[in-house]
Amino acid sequence: MQVYLDHSATTPLHREVRAAMEEVASRWGNSSSLHIWGERSLNVIERSRQMVMNLLGAVGGRVVFTSGGTESNNLAIFGITRQYLTPQHLITSTVEHAAVAEPICWLEQHGWAVTRLPVDARGQIAPQDLQLSLRPNTVLVSLIYAHNEVGTVQNLTKLGQICRAAGVCFHTDAVQAVGRMPVDVSRCPVDLLSFSAHKFYGPQGIGGLYVAEGVSLVPLHFGGGQEDGLRSGTPAVPLIAGLGQAASLAKDMMLQEGDRLRALRDHLRQQLADLPELQPTGDWQDRLPHHLSFCHRTLAGRRLVWAMNLAGIAISSGSACSSGRTKPSPTLLAMGYPPEIASGGIRLSLGYDTTAADVDWAALALKQAIARLQLGD
Ligand SMILES: Cc1ncc(COP(=O)(O)O)c(C=O)c1O
């Protein structure tokens, strides 16, 4: 029996998404062409854009299609900061995904002042810390919405309100949130929001950036001026069709599916509650519905991932491995875990194909793997 519990890394393609992509892939046409072939492609793109706007609750602004979350984050960060001739100040957090943390490191190396907001033991950013960190020359705040590793969901409305009141551009990396929990840009003061199709049953290599009305960006690259000049290059029409279909499915099934997965996830957590050395990580109230994460006190997360893989179960670890040595997870360190424990992070993330039997089997396998590894230590 094989069980895939790594849906926060990537999700399988939903059959309706595959069908939508195949239908479009069997035709062709450059959306910039003036003939019917071109018009057909343009219609697919604009229909998908509308489906994504609906999922995000966007009434104004626009959605720019990109190659995924990484490009969207880069477009947001460099799109704002490149408008300034001299380095200014920006604010981020200590728990960002590399697709935000690395562009910001680059800016810092080029003279920008950066404030990294701390998080508490649940991975939450305190809104008052954001308030206190604003400076007269702060031009961008970029904060993760839902955390990939520990599942914590930030109070985006509160954080956004602080930025809006200060007149500072607010970007959020919502790659783990969009399609898995309700995201409504019409109620939340956000200027830029990144998302990625492969996190919600769409294809890999496509995503986008929501850009609120009145926000201007400098493009990452220049050329034919597609996507309102913000992302030159011939659009990947079949991928965009897949993203649109995934967005439409998410809108229809997200709430119901979220409830089902939350129940399964809580059941899984319950089954593992008798392992005192396995501590839950992240926030258990404000949390992604399909996401479960733990930290093992003595075993490295990678060893647990390997052991589970041998049992046919896909999970993931939060720590990075370089030259054969496991490094502690920067996120768990930022949350206050000591280095010797911060390499024990694991994540189990559920999806629409996860059943109760999968969860029971995974719990049993994890208990056995831990017992075996502990005996071998
Ligand atoms: C929070 C977060 N941001 C950004 C990314 C990068 O997205 P993509 O794989 O679409 O480039 C990921 C992917 O895991 C992510 O979890």
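Each ligand, and each atom within it, is numbered from 1 in the order the structure gives.
Closer than 4.0 angstrom to ligand 1 by heavy atom are Gly68, Gly69, Thr70, Asn73, His97, Ile144, Asn148, Asp173, Val175, Gln176, Ser196, His198, Lys199, sorted by chain and number.
Neither side chain, His291 nor Asn148, offers a donor N or O lying under 3.5 Å from an acceptor on the other. Asp353 and His7 are linked by a side-chain donor-acceptor pair at a separation below 3.5 angstrom, with hydrogens and angles left out of the test.
The residues Asp259 and Arg262 are annotated as salt-bridged, a charged nitrogen and a carboxylate oxygen being separated by less than 4.0 angstrom. Salt bridge annotation for Asp274-Lys367: present, with a cationic side-chain nitrogen under 4.0 angstrom from a carboxylate oxygen.
To the nearest 0.5 Å, atoms CD (Gln161) and CG (Leu130) are separated by 11.5 Å.
Heavy-atom neighbours of Arg27 CZ from other residues, nucleotides or ligands within 6.0 Å: above the threshold of 12.
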